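Structure first, then comments.
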There are 2 protein chains.
Amino acid sequence: MFSELEKNLRQHITLTTDEFDRVKRYFVPKKLRRKQFMLEASDVCTRMAFVSKGALFSYSTSEKGSINVVQFAFESWWMADLYSFFTEEPSKLYIEALEDSELLLLKADRLQPLLADVPAMETYLRILYQNAYVALQRRLEETIGLTAEQRYLRFMERDGRLLLRVPQHMIASYLGVTPETLSRIRKQVS
Amino acid sequence: MFSELEKNLRQHITLTTDEFDRVKRYFVPKKLRRKQFMLEASDVCTRMAFVSKGALFSYSTSEKGSINVVQFAFESWWMADLYSFFTEEPSKLYIEALEDSELLLLKADRLQPLLADVPAMETYLRILYQNAYVALQRRLEETIGLTAEQRYLRFMERDGRLLLRVPQHMIASYLGVTPETLSRIRKQVS
DNA sequence: GGGAAGTGTTGATATATATCAATGCCATTC
DNA sequence: GAATGGCATTGATATATATCAACACTTCCC
């Protein structure tokens with residue numbers, strides 16, 4: 001249950017067996033069935049989730065009911081609305097299970113105690129945010145600077161395998177185009 | 001010269017006088033005249049800059065020579081291409097002084113020693129990345145989910161004062177529209 | 001002082017992408 | 001196994017925004 005987490009932590013920091021045993025105690029396992037929610041808009045996001053199995057995705061909704069996919073999270077990825085998590089303001093996002101999933105939850109009020117208990121986790125979190133930041137910056141640059149077709153091609157190079165697990169209209173939303181447009185782009189490209 | 005930095009650090013972490021004296025030693029002051037570069041594309045970004053006076057902005061260029069503004073940084077903001085900084089890959093960004101500026105530079109190879117010397121800085125950096133991340137996420141959501149006019153209005157609410165120090169066509173680029181479109185939006189709105 | 005460069009505006013037109021609508025295809029479920 | 005709902009595709013049309021071009025205004029400098 002914790003092996004994915006352990007592997008991921010050890011990729012970035014060194015931990016003694018004893019330290020990792022302590023780390024584990026700050027997490028709460030949770031299973032989620034497909035279409036169940038980890039977070040609903042207007043709630044405060046009080047937990048970060050480490051995905052040990054399955055997949056989640058987060059999205060916001062427009063006035064007209066359409067959805068905007070913000071992020072996907074598969075095995076060994078983290079998911080949360082960090083904005084709400086840190087500011088404690090109500091989230092504008094939904095976080096939903098794309099597949100039956102197993103999560104390890106870290107509650108906001110357990111974060112500081114964890115960092116005090118195992119200081120190396122401070123480094124891990126910094127690296128985590130670093131990586132999240134640079135991924136987001138690249139995505140923003142692509143969204144602003146590239147056409148829909150170019151964005152699709154970049155996406156395929158990097159995350160093409162996601163098409164096996166994610167419906168196409170969600171990819172479209174993630175890329176910032178309509179499902180129809182993505183369909184036409186795919187036809188064009190092939 | 002260091003007072004802006006001290007103020008900013010102490011907003012997020014507690015430091016003894018001795019600790020801050022040590023922190024200072026890791027930074028190199030640097031002045032930049034308007035239009036001078038702190039970073040040019042294809043160079044590796046080896047330094048993070050704390051802006052103690054003036055203003056910087058970063059941008060990428062398209063094949064056609066047009067520019068895409070990624071970020072502005074005024075007094076007490078940080079500026080770098082974090083992607084290049086952490087991966088040590090050549091940057092795709094230019095970082096240029098918008099005004100005559102005074103910077104405090106932290107070189108990449110001084111970061112680890114600093115964090116080892118003053119562990120509270122690890123917390124500071126985590127908070128810095130946290131904030132940078134949530135700001136970026138909000139911007140991405142707005143870029144994908146809102147029309148140009150809505151983006152402009154949000155921008156004005158939050159950062160309207162920037163118009164006093166930044167040419168309008170750079171704001172346009174930051175918002176992801178052409179200068180002509182921004183001009184028309186402003187006329188419309190007023 | 002006068003040219004040059006940078007800046008913002010306005011108009012005419014072009015284009016990428018959205019929207020609306022219809023169709024077919026699976027997969028699920030009762 | 002018929003019915004239902006989610007999903008991808010295709011066509012016709014609409015719309016937001018870009019592009020191209022011209023013009024005025026300021027500011028920078030030689």
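Within every chain, numbering begins at 1; the chains are lettered A, B, ... in the order of the sequence lines, protein sequences first and strands thereafter. Heavy atoms only: backbone and side chains are in, while hydrogens, waters and symmetry mates are out. Worth saying up front: this structure is predicted, and the values here are computed from it rather than measured.
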For the side chain of A:E180, counting heavy atoms from C-beta on, which of C:dT17, C:dT9, D:dT10 is nearest?
-> D:dT10
Would you kindly compare B:S183 and A:V177 by the position of their nearest DNA chain C nucleotide and give the one closer to the 5′ end?
-> B:S183
A:E149 CD to C:dT15 P: how many Å, rounded?
-> 16 Å
Considering only NZ, NE, NH1 and NH2 on the basic side and carboxylate oxygens on the acidic side, decide whether B:R158 and B:E142 come within less than 4.0 Å.
-> yes
Calculate, to the nearest 0.5 Å, the distance between atoms CD1 and OG belonging to A:I67 and A:S60 respectively.
-> 8.5 Å
Check whether the side chains of B:R126 and B:Q130 place a donor and an acceptor atom closer than 3.5 Å, and report yes or no.
-> yes
Between C:dT10, C:dA18, D:dG11, which nucleotide gets closest to the side-chain atoms of A:T178?
-> C:dA18
Mind calculating the distance between OH (A:Y152) and C1' (C:dT17) to the nearest angstrom?
-> 17 Å
Give the angle between the helix axes at the two ends of the helix from C:dG1-D:dC30 to C:dC30-D:dG1, taking five base pairs at each end and rounding to 10°.
-> 40°
Please determine if a side-chain N or O atom of B:K187 lies less than 4.0 Å away from the OP1 or OP2 oxygen of C:dT9.
-> no
Quick one: do the B:S76 and B:E4 side chains pair a donor with an acceptor below 3.5 Å?
-> yes
Salt-bridge test for A:D18 and A:R22: reply yes if a basic N is under 4.0 Å from a carboxylate O, no otherwise.
-> yes
Spatial distance of atom CG (A:L56) from atom CH2 (A:W77) [nearest 0.5 Å] | 11.0 Å
Most 5' of A:T181 and B:R34 on DNA chain D, judged by nearest nucleotide = A:T181
Rounded distance in Å - CG (A:L146) to P (C:dA16) = 15 Å
To the nearest angstrom, the CG-C1' distance between A:L182 and C:dT19 comes to 16 Å
Under 4.0 Å between a side-chain N or O of A:H169 and OP1 or OP2 of D:dG6?
-> no
Using whole Å, report how far CZ of A:R165 lies from P of D:dC7.
-> 17 Å
Gap between atoms CE and C1', on A:M170 and D:dA8 respectively (whole Å) = 14 Å
Only one of A:F72, A:Y174, A:Y94 passes ring pair (Phe, Tyr, Trp, His ring centres under 6.0 Å) with A:Y59; say which it is.
-> A:Y94
Could you check how far CZ of B:R186 sits from C1' of C:dT10, rounded to whole Å?
-> 15 Å
Would you please confirm or rule out a distance under 4.0 Å between OP1 or OP2 of D:dG6 and any side-chain N or O of A:Q168?
-> no
Does the base of C:dG8 carry an N or O that pairs as donor and acceptor with the side chain of B:R184 under 3.5 Å?
-> no
Grab the CG-P distance between B:L164 and C:dG8 for me, whole Å please.
-> 13 Å
